[in-house]
Amino acid sequence: MNVTLAHPLDVTTAEARAIQTELADRVSLEDDPRLRDIHLVAGIDNAYARTAARTTAFSAVVVMSWPELKVVEVGQAQREITFPYVPGLLSFRELPVIIEALSGVESTPDLLICDGHGLAHPRRFGLACHVGVVTGIPTIGSAKKPFVASYDPPDMTPGARSVLHIGPEPVGIALRTYSRRRLPLFVSPGDRISIDTAADLAFAMTPKGLLPAPQQAAHNTVTSIRRNYIEHAAENENL
DNA sequence: GCGACAG
DNA sequence: ATCTTGTCGC
């Protein structure tokens with residue numbers, strides 16, 4: 001999969017915020033035509049292993065068929081990183097290794113699901129927006145916590161939803177995908193998708209559990225990769 | 001100034 | 001996110 005970067009990622013926090021504000025104008029909340037006939041959907045998730053000397057980031061991209069939700073392809077990457085976790089600047093920390101994982105994927109998904117927010121972001125440019133803009137693929141942000149958005153708790157019935165707001169502005173949907181968890185799933189558009197379609201597709205792709213199947217699969221995969229890395233830490237140190 | 005803060 | 005003991009439930 002080809003990824004085009006129009007801006008650097010190794011920047012200061014002030015520069016990162018300026019880049020977000022600029023790129024936010026390129027985000028589209030219109031449903032992309034390819035969403036009418038989805039064949040492939042990919043979930044993306046990262047994990048970290050930190051030592052005194054360095055922080056290693058891991059990323060997994062799991063491509064699934066739709067509507068079967070069977071794994072078609074898996075891309076992965078690991079990379080030493082320096083950008084810290086700063087609330088609101090997550091994409092500058094996660095994008096480098098995500099791009100590396102995406103570049104190893106041969107197929108071209110019709111939809112991407114990212115672990116994190118999209119529009120529901122201080123500058124309306126969360127991780128999912130950034131991933132969508134650099135890939136050109138319709139993208140959904142799917143987060144487990146609300147971050148800066150407010151909402152009324154949706155009914156406990158799976159499928160129930162309420163609008164996510166930042167001030168008066170609707171930025172996503174609080175979606176009840178799992179009845180046994182207090183918090184709902186926080187879904188917002190990344191790029192080339194509307195708020196309602198993002199919620200509809202996220203729910204349709206969550207036959208069980210809290211997360212959409214591709215996102216859950218990516219989480220399981222990257223967690224396994226990280227665990228394996230740590231188990232072999234001794235050998236890796238000798239390289 | 002204080003608290004909160006995706007992953 | 002990661003760390004990390006104990007605890008509750010299927």
Side-chain angles (χ1 to χ4, degrees), chain A residues 9 13 16-17 20 23-24 27 43-61 76-101 112-133 139-151 164-167 169 171-175 177-191 195 198-199 202 208-212 214-216 218-231 233:
Chain A
L9 295 174
T13 55
R17 292 188 182 94
Q20 290 180 325
L23 293 183
V27 169
I44 305 172
D45 193 28
N46 285 5
Y48 301 87
R50 181 180 175 176
T51 66
R54 69 186 73 83
T55 297
T56 301
F58 304 84
S59 186
V61 178
Q76 56 179 275
Q78 67 180 60
R79 176 172 177 141
E80 186 177 331
I81 63 171
T82 56
F83 203 98
Y85 169 68
V86 179
L89 300 182
L90 183 64
S91 68
F92 289 82
R93 176 172 168 83
E94 301 209 326
L95 209 46
V97 70
I98 287 176
I99 289 174
E100 200 171 318
L112 264 26
I113 300 177
C114 294
D115 192 302
H117 289 101
L119 233 211
H121 175 278
R123 288 165 294 282
R124 312 297 183 271
F125 197 73
L127 170 67
C129 299
H130 211 152
V131 169
V133 167
T139 303
I140 291 172
S142 171
K144 296 175 285 299
K145 294 193 285 191
F147 194 21
V148 293
S150 58
Y151 65 103
L164 263 183
H165 286 94
I166 296 181
E169 182 180 349
V171 294
I173 297 291
L175 176 66
T177 54
Y178 191 57
S179 62
R180 301 174 59 181
R181 193 180 196 276
R182 181 175 64 86
L183 294 180
L185 186 66
F186 302 97
V187 180
S188 62
D191 192 22
I195 290 175
K208 42 185 48 181
L210 170 71
L211 307 173
Q215 182 185 3
Q216 182 66 61
H219 184 264
N220 295 343
T221 299
V222 80
T223 297
S224 171
I225 292 170
R226 173 185 179 277
R227 175 170 43 68
N228 181 69
Y229 173 88
I230 291 177
E231 284 175 355

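Per chain, numbering begins at 1; letters A, B, ... match sequence-line order.
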Exercise. Taking for each residue the nucleotide of DNA chain C bearing the nearest heavy atom, is the 5' side occupied by T223(A) or by R180(A)?
Worked result: T223(A)

Exercise. At under 4.0 Å between heavy atoms, what does G88(A) touch on the DNA or RNA strands: base, sugar-phosphate, or nothing?
Worked result: base

Exercise. Could you give the CD1-to-P distance, from I225(A) to dT2(C), as a whole number of Å?
Worked result: 12 Å

For this session: Examine distances only and state if a side-chain atom of R124(A) and a backbone atom of P122(A) form a donor-acceptor pair shorter than 3.5 Å.
Result: yes

Problem set entry | Verdict with supporting geometry, V97(A) and F58(A), side-chain contact (heavy atoms from CB on, under 4.5 Å) | CA-CA 7 Å; V97(A) 70; F58(A) 304 84; 5.9 Å; no

Exercise. When you measure from the side chain of T177(A) to the backbone N and O of L210(A), does any donor-acceptor pair fall under 3.5 Å?
Worked result: yes

Exercise. So what does R226(A) hit on the nucleic acid, given a heavy-atom distance under 4.0 Å: a base, only sugar-phosphate, or nothing?
Worked result: sugar-phosphate

Exercise. Are K145(A) and dA1(C) close enough that a side-chain N or O sits under 4.0 Å from OP1 or OP2?
Worked result: no

Exercise. Quick one: how far along DNA chain B does chain A reach, first to last nucleotide 5' to 3', anything under 4.0 Å to a heavy atom?
Worked result: dC5(B) to dG7(B)

For this session: Examine distances only and state if a side-chain atom of Q76(A) and a backbone atom of I225(A) form a donor-acceptor pair shorter than 3.5 Å.
Result: no

Exercise. So what does Y85(A) hit on the nucleic acid, given a heavy-atom distance under 4.0 Å: a base, only sugar-phosphate, or nothing?
Worked result: base

Problem set entry | Heavy-atom donor-acceptor pair, T55(A) side chain to I81(A) backbone, under 3.5 Å | no

Problem set entry | Polar side-chain atom of H130(A) near backbone of F125(A) as donor-acceptor pair, under 3.5 Å | no

For this session: Send over the distance from R54(A) CZ to dT2(C) P, rounded to a whole Å.
Result: 17 Å

Exercise. How close or far is atom P of dT2(C) from atom CG of L90(A), stated in whole angstroms?
Worked result: 12 Å

For this session: State whether the side chain of H117(A) and the backbone N or O of G88(A) hold a donor-acceptor pair below 3.5 Å, judged by distance alone.
Result: no

Exercise. Reckon A49(A) touches a base, only the sugar-phosphate, or nothing at all at heavy-atom distances under 4.0 Å?
Worked result: nothing

Exercise. When the distance from CG of D115(A) to P of dT2(C) is rounded to whole Å, what number comes out?
Worked result: 10 Å

Problem set entry | Sugar-phosphate only, base, or nothing, as touched by L89(A) at under 4.0 Å among non-hydrogen atoms | base

